[in-house]
Every structure is written in C-alpha cells, then in structure tokens.
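Numbering of residues begins at 1 and proceeds along the displayed sequence. Indexing begins at 1, ligand by ligand and atom by atom, following the structure's order.
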Amino acid sequence: MIDFRSDTVTRPTPSMQQAMATAPVGDDVYGDDPTVNELERWSAERHGFEAAIFCSSGTQANLLALMSHCERGDEYLCGQQAHNYKFEGGGAAVLGSIQPQPIDNEKDGSLSFDKLEAVIKPIDPHFARTTLLSLENTINGKVLPLSYLRQARQFTEQHGLKLHLDGARVYNAAVALNVDITEIAMHFDSMTICLSKGLGAPIGSLLLGSNELIAKARRWRKVLGGGMRQAGILAAAGKQALTENVTRLADDHANAHYLAEQLADIQGFTVKPELVQTNMVFARVDPTIDQNRLVSRLKEQDILLSAGNPMRLVTHLDITRKDIDTFLTAIKQAL
Ligand SMILES: *Cc1c(COP(=O)(O)O)cnc(C)c1O
C-alpha cells in the first residue's frame with residue numbers, strides 16, 4: 001500500500017518491534033512499568049519540562065492539558081482550525097466544562113494577538129474566565145516562526161494566561177526550522193507530542209508540563225479511562241520513535257516538496273510547491289475531475305488518497321521517493 005491519507009498509517013519499524021518484544025513491563029497504573037517511567041522521565045528532561053505523562057492518543061493528551069490547566073467555567077483561546085477545537089468532538093466542553101473561544105487562524109496558521117486580546121473576558125460573573133491560549137505547530141503542515149512563539153509567550157505573560165502547544169507534529173516544525181526541539185518547547189507551559197504520526201510509533205502521545213500539571217493530568221487520565229497497565233510495550237516503541245525517527249522527517253519534507261512540484265505539472269491539479277513547509281501537500285482539484293472515481297481507480301492499484309478540495313496528501317516513514325513516482329505514473333494513467 002502507498003497510503004497518502006495521513007502520517008498516522010505508519011507501521012512499527014523492525015527496531016520498534018524488537019524494542020516492544022523485549023521491553024520490561026509492569027502495571028503502569030501502580031507506577032510500576034519501568035519502560036513507561038523511563039520514557040516519561042527521559043522525555044520530560046529532553047524537552048525541558050519537569051514531568052511527562054504517556055497517553056493513549058493525542059486527543060487524550062490535549063484534553064488532559066485543557067482539563068489540568070482550566071477549571072469548570074474557564075475558557076481557552078484557540079484557532080478555528082485548531083485540532084483541539086474542531087477535531088476532538090468538543091471534548092473540552094463535553095468532558096471538562098471548559099468553553100472554547102476560537103478565533104480565525106491567519107493564513108500562516110498563527111493567531112493575531114489583536115484579535116486574541118479583543119476576546120479576553122473581563123473578570124466579571126457574566127463571563128467565563130479566560131485561562132489559557134492553545135496554539136498548534138505545525139498547523140495544516142505550516143510552521144509557526146520562533147519569533148511568533150516568543151511574542152505568544154510575552155502576550156500570555158502580559159495577560160496572565162497559560163500557554164499550551166498542541167505539538168502533535170512539533171518535530172516536523174523543529175526539523176523544518178532546523179532547530180533543537182527545546183527552541184520551540186521553551187515557550188510553553190505544556191506541550192503534547194504525537195508519537196504515532198510521522199515519528200512512526202503504533203500508539204501513543206506525550207503531555208509535558210510542570211510536576212503540578214502532570215499530577216493533575218494523571219488523575220484525569222484515570223478518570224477518563226486512560227490508565228493503562230503493561231503500557232511499556234507501547235512506550236518502548238515511543239522511545240524508538242523519538243530517538244531514531246526524528247532526523248529522517250527531513251526526507252518526508254523533501255518528498256512532499258517533490259510530490260507538490262510534480263503534481264503541479266498535472267493538468268487539473270493546482271499546487272504551490274513553495275507553500276509546502278513540512279510533510280503535507282494541499283492540491284486544488286479541478287471540479288471536472290471525478291475525485292471519488294479517481295480515488296477508487298487508484299485504490300485498485302494499492303494507492304490510497306482522501307478525496308477533498310483541497311486534497312491533502314501526507315508523506316511519512318512508509319512512503320519512499322519511488323512510491324511517489326509510482327503514484328505519479330498511476331494518477332496520470334487514471335486521469
Ligand atoms: C492527530 C492530531 C491530534 C490527535 O491525535 P490522535 O492521536 O489522533 O488523537 C491532535 N492534534 C493535532 C494537530 C493532530 O494532528
């Protein structure tokens with residue numbers, strides 16, 4: 001299969017399988033799993049936080065962050081396009097009694113500080129209490145500049161807000177900027193990382209933050225049914241993801257750029273390769289092309305795409321340059 005639908009489709013690498021097969025494990029709800037404990041200790045230190053908690057998904061990690069920063073009746077500021085507003089089933093409101101206050105994302109994925117300032121609520125019983133600003137990096141494949149992160153930190157300090165990063169793909173941002181991950185992480189009170197996207201682990205995300213925040217998150221994780229037992233099997237793969245699969249993200253970015261350049265030459269597809277910053281390509285597809293038919297034709301050749309306009313194509317660990325060439329040949333034939 002050549003699967004462009006998402007970078008969540010990656011399979012564990014042989015070294016991950018080996019690590020999973022031999023991981024020492026224990027009951028993590030009792031704090032007894034040495035592999036989980038080691039991943040949490042190591043990742044906190046690696047990213048410059050006091051503590052970390054291993055979670056079953058990025059959605060859970062974001063929800064734990066929101067529920068640990070905010071009380072019932074608080075609100076968080078975020079983008080209309082934010083995953084933890086738009087794509088997580090309204091979990092903060094449903095399960096946390098936390099009100100989202102979304103504002104439009106700018107073209108580059110950032111949030112305007114003027115627009116944010118205008119929606120911060122006065123301290124008054126009429127209003128929810130504005131507690132947190134949540135950013136996302138990368139957002140739709142776009143990288144937030146370091147200068148913007150510095151401004152965000154200043155903004156939140158000035159307004160007494162906490163600052164969270166949904167960093168599902170934060171390593172793609174770090175690799176694209178060619179900086180150490182701590183250059184991004186240092187600005188935030190908390191950060192999530194998905195181990196199961198481009199980094200290639202089968203399952204798992206991390207939430208990083210202060211000791212106090214992570215202690216709260218640990219309680220909420222149990223409440224939400226996210227306490228896992230011999231989770232070291234998964235944590236072992238997660239550690240491999242963070243140690244072995246980071247620098248190769250540059251290959252995914254180069255492949256995405258190549259894919260965009262080649263697609264731009266195909267009639268009916270409009271792509272701007274210069275807008276590709278990480279591992280995502282967005283292509284406008286001419287309405288005369290029957291996308292559903294195209295998708296099913298390619299599926300017959302073991303190539304998977306998601307229909308959409310723009311159509312999103314994602315590169316990852318299990319897509320090589322040769323796979324992209326195979327896809328390009330197949331799509332030209334199908335058209
Ligand atoms: C995928 C993703 C998540 C959630 O991850 P799941 O593991 O699928 O729950 C959160 N934020 C962003 C930006 C994501 O892309």
Side-chain angles (χ1 to χ4, degrees), residues 3-12 43 52-69 76 78-92 94-96 100 102 105 108-111 132-144 149 163-176 181 184-185 188 190-209 217 220-221 224-226 228 231 234-235 237-238 241-242 245 249 252-253 256 277-282 306 308 312-317:
D3 195 341
F4 290 100
R5 292 172 304 166
S6 178
D7 48 8
T8 53
V9 301
T10 55
R11 311 290 164 89
S43 61
I53 183 168
F54 182 58
C55 305
S56 57
S57 70
T59 299
Q60 187 180 71
N62 271 328
L63 180 59
L64 294 181
L66 293 170
M67 289 178 72
S68 303
H69 280 300
Y76 67 108
C78 61
Q80 287 282 358
Q81 300 308 319
H83 199 281
N84 62 18
Y85 169 60
K86 194 173 173 185
F87 299 102
E88 295 180 8
V94 175
L95 300 163
N105 291 84
D108 65 0
S110 68
L111 302 175
L132 178 75
L133 169 61
S134 178
L135 299 177
E136 187 173 315
N137 194 18
T138 61
I139 175 156
N140 290 325
K142 296 189 199 99
V143 180
L144 299 177
L149 302 185
L163 183 59
H164 172 69
L165 183 67
D166 177 350
R169 296 189 179 85
V170 68
Y171 270 98
N172 293 86
V175 167
I181 192 74
I184 296 175
F188 293 90
S190 59
M191 178 169 100
T192 58
I193 304 172
C194 277
L195 305 173
S196 64
K197 294 195 168 161
L199 295 175
I203 296 174
S205 281
L206 289 165
L207 170 64
L208 305 142
W220 284 127
R221 187 185 66 173
L224 294 170
M228 295 188 282
L234 302 175
L242 286 168
N245 289 344
L249 291 174
D252 297 342
H253 299 175
Q277 297 178 24
T278 57
N279 66 332
M280 289 186 191
V281 176
F282 290 90
S306 302
R312 186 186 81 161
L313 299 104
V314 187
T315 57
H316 51 75
L317 188 55

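- A donor-acceptor contact closer than 3.5 angstrom is absent between the side chains of N279 and H316.
- For ligand 1, the protein residues within 4.0 angstrom (heavy atoms only) are S57, G58, T59, N62, H83, E88, E136, D166, A168, R169, C194, K197.
- In this structure a side-chain-to-backbone donor-acceptor pair under 3.5 Å is present from Q277 to V143.
- Across all non-hydrogen atoms, the minimal contact from G226 to Q60 is CA-NE2, 3.4 Å.
- Judged purely by distance below 3.5 Å, without hydrogens or angles, the side chains of Q81 and N140 never pair a donor atom with an acceptor atom.
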Exercise for review: Could you give me the CA-CA distance, side-chain angles and deciding distance for L208 and F188, then say whether side chain to side chain contact (heavy atoms under 4.5 Å, CB included) is met?
Suggested key: CA-CA 10 Å; L208 305 142; F188 293 90; over 6 Å; no
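- Looking only at distances, no side-chain donor or acceptor of N172 sits under 3.5 Å from a matching main-chain atom of T278.
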